[in-house]
2 protein chains.
Amino acid sequence: MITRKPSLTDQVMAYLKERIVGGDFEEGRIPPEMELAMDLGVSRTTIRDAFSRLEHEGIIIRRQGSGTFVNEHGLQIKSRLEDIWSYDEVLRDHGYTPSVQVLDTRTEPAGEKLAADLGIEPGEPVLVMEKLFLENDQPVIHTYNRVAERLMGHPDDAAAGSLPIYEFLERHCGRHLSYYVSEILPVALGAHVAAMLHLEAGTPALSFDEVGYDEDNQPVVGATSVFRDDLLRFRLIRRKAGA
Amino acid sequence: MITRKPSLTDQVMAYLKERIVGGDFEEGRIPPEMELAMDLGVSRTTIRDAFSRLEHEGIIIRRQGSGTFVNEHGLQIKSRLEDIWSYDEVLRDHGYTPSVQVLDTRTEPAGEKLAADLGIEPGEPVLVMEKLFLENDQPVIHTYNRVAERLMGHPDDAAAGSLPIYEFLERHCGRHLSYYVSEILPVALGAHVAAMLHLEAGTPALSFDEVGYDEDNQPVVGATSVFRDDLLRFRLIRRKAGA
DNA sequence: CAGTGGTCTAGACCACTTT
DNA sequence: AAGTGGTCTAGACCACTGA
C-alpha cells in the first residue's frame, strides 16, 4: 500500500477530534484559531483548513466575532451518507462486529442499463458478486456488485468475492475506486433479497443504486445495496447550498 | 434581507460554473490555477478555494501533476442531497414549475419524540403545517412542519402556512434556520399521505425525518417529508471519508 | 473597543505527471 | 526538465460580537 504521511491539516483534525469527543473543551468552546496555531506550532491557515472540514462534517460550528464551538447534534451522527466507504466500517461505527458472507459469484450478460452505466456493450459478460453483511448472524445489508469481465486481468478467482469491492478492483482489475454516484431509492423487497435479509417480501426498504468510478473517471462497478432500516439508519446534515 | 456582497471566491465559483456548463473548456480541461489567477486578477489561493468547493460538489476533478478537469458525471446531478434547501427550488432544478398547496394548519400537543427533538415538554402545543408540492396538479412532495408555539411571537396567522418554512421561522419566530439533521427512512405510505400523493396505501416511499436548527444551535422545527420517487430522485456523491 | 472568525494576498517548497 | 496541483507560511485587513 501507499505510505503517505498525513498532512499537517489531517493531524490537526485528528487532534481536535480526539479532544472534542473526549470532552476536553469547557462548555463546547474551542480555543481561538490563533491560540491553537501557536500551541501546535502551525499557521492559522492550517488550523482554519482543519476547522473548515470539521465544520462541514457537522462536528463544530463557527460564529464570526464569537468563537468556535462543538456541535453536539452533529457529533451524534454515526454514518454520514456522503462518506460511507466500506459497509464493514459503517457497521463497526454502529457498534457492531460485522461478518461478511459471499452468497454467489457468477457471470451474466450485461443488460441495457448496466451496459450504459459501465460503458460497455449490452450482452457483454459481467461478473456479479452477491454478498451479505451480518451482525451476529443477523443480516443487515445485502449487496450486488457488478464488474465487466474485460476489466479483469486474471481469470475468475475463487476467493475474489470475499474481498471488499475496492480491494477486489485494486487487485484484480488494477483500478483504484475513487467515488460513487449514488441514487437513493425506496423499494419493495423482492422474494430473494427479502429471504436473505430475513424479512417478508414486499417490505419497504432503502436501496442504493450506484456506479463507482476510478481515478481516471472511468466507470468500474455497478452496485445495488439494500438495508434493514431497523438495524441501520443513515443520517446527514443538510445546508443551504453555498453556505 | 441582508445584502452581503459575494466574496471573491463565490464570484470565481460562479464564473467557473458558467464556463463549465457552457462547455467552454476543450476536452474538459480547465486552465492551470496560476493562469486563472492572473486572468481574473486574484491570488492562487482564491482560485484554489473555489476549486475545492467545486470538487466537493463533484463538478470538477483535480489530478496532481496533471491538471483540473470537468467531471461530466457529477455535472448531471440535479439535486445533491446535502444541499437541498427549499423543495420549490429542487423541483425547479428538475425542470418543473412547481406550485404549493397548504393542506392544513392546526395545533397539537407534542408527543414524546417530537418534544425531545424540539427541546420542549411533552404535551406542549405545537403548530403543525401540512403542505403539498405539485407539478402541474401532480403531487410530488408531501410535508409536515412542526414548530413549538412558544417560539411564535405573533398569534397564529392565517397566511402563515403558505410561506416557505425558513421564511416562516424568520418572520414569525425570529429564528434563522441554519441546518437540518436528517434521517432517511423507507416507509409504506399511510392512507392519508398516500391519498394526498395519488398513490396506493402501502406503496414504498422515501421519507426524510429531520430536525432543523437555528444559528444558535437550538432546534426550531421538526419535519417529515415524503416523495414520489417516480417524479423525484435524489443523488449524491460518496467518497472515502477524509479524501 | 478588544477579541473573534472571514477573506485575501504573495510566495515558498513539495509531489506528481508528462514530455 | 518543465509544468501541474498539494501543502504550508506570515501577514494584512475586514466584519461581527460582546463586554
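Residue numbering restarts at 1 for every chain, and letters A, B, ... go by the order of the sequence lines. None of these values were measured; they are calculated from a predicted model.
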Rounded to the Å, how far apart are [X] [atom1] and [N] [atom2]?
X        : N      : atom1 : atom2 : answer
B/Glu35  : D/dG3  : CD    : C1'   : 12 Å
A/Glu33  : C/dC8  : CD    : P     : 15 Å
A/Leu40  : D/dC8  : CG    : P     : 13 Å
A/Glu215 : D/dG6  : CD    : P     : 12 Å
A/Asp49  : C/dC8  : CG    : P     : 15 Å
B/Met13  : C/dT7  : CE    : C1'   : 15 Å
B/Met38  : C/dG11 : CE    : P     : 10 Å
B/Leu36  : D/dG5  : CG    : C1'   : 13 Å

Ignoring hydrogens and angles, state whether a donor on the side chain of [X] or [Y] is under 3.5 Å from an acceptor on the partner side chain.
X        : Y        : answer
B/Asp49  : B/Thr46  : no
B/Asp88  : B/Tyr96  : no
A/Arg146 : A/Thr224 : yes

Inset, instruction - Give a yes or no on this: more than 12 heavy atoms of other residues, nucleotides or ligands lie within 6.0 Å of atom CD of B/Glu121. - result: no
Legend entry - Given A/Lys78, A/Arg80, A/Arg235, A/Arg238, the one that forms salt bridge (charged side-chain N to carboxylate O under 4.0 Å, His left out) with B/Glu183: A/Arg235
Legend entry - Most 5' of B/Arg29 and B/Thr45 on DNA chain D, judged by nearest nucleotide: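 On the 5' side of the pair lies B/Arg29.
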Inset, instruction - Would you mind telling me which residue lines up with the more 5' stretch of DNA chain D, B/Arg44 or A/Gly41, judged by nearest nucleotide? - result: B/Arg44
Legend entry - Exercise: identify the closest heavy-atom pair between B/Ala50 and B/Val12: CB-CG1, 3.6 Å
Inset, instruction - May I ask you to evaluate whether B/Thr46 reaches the phosphate of C/dT9, defined as a side-chain N or O under 4.0 Å from OP1 or OP2? - result: yes
Legend entry - A/Tyr180 and its ring pair (Phe, Tyr, Trp, His ring centres under 6.0 Å) partner, picked from A/Trp85, A/Tyr166, A/Phe208: A/Trp85
Inset, instruction - Return the nearest nucleotide to the side chain of B/Ser7; candidates are D/dT9, D/dC8, C/dT7. - result: C/dT7
Inset, instruction - Check each residue of residues 62-72 of chain B for a non-hydrogen atom within less than 4.0 Å of any atom in DNA chain C, then write out the ones that pass by number, or none. - result: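 The answer is B/Gln64, B/Gly65, B/Ser66.
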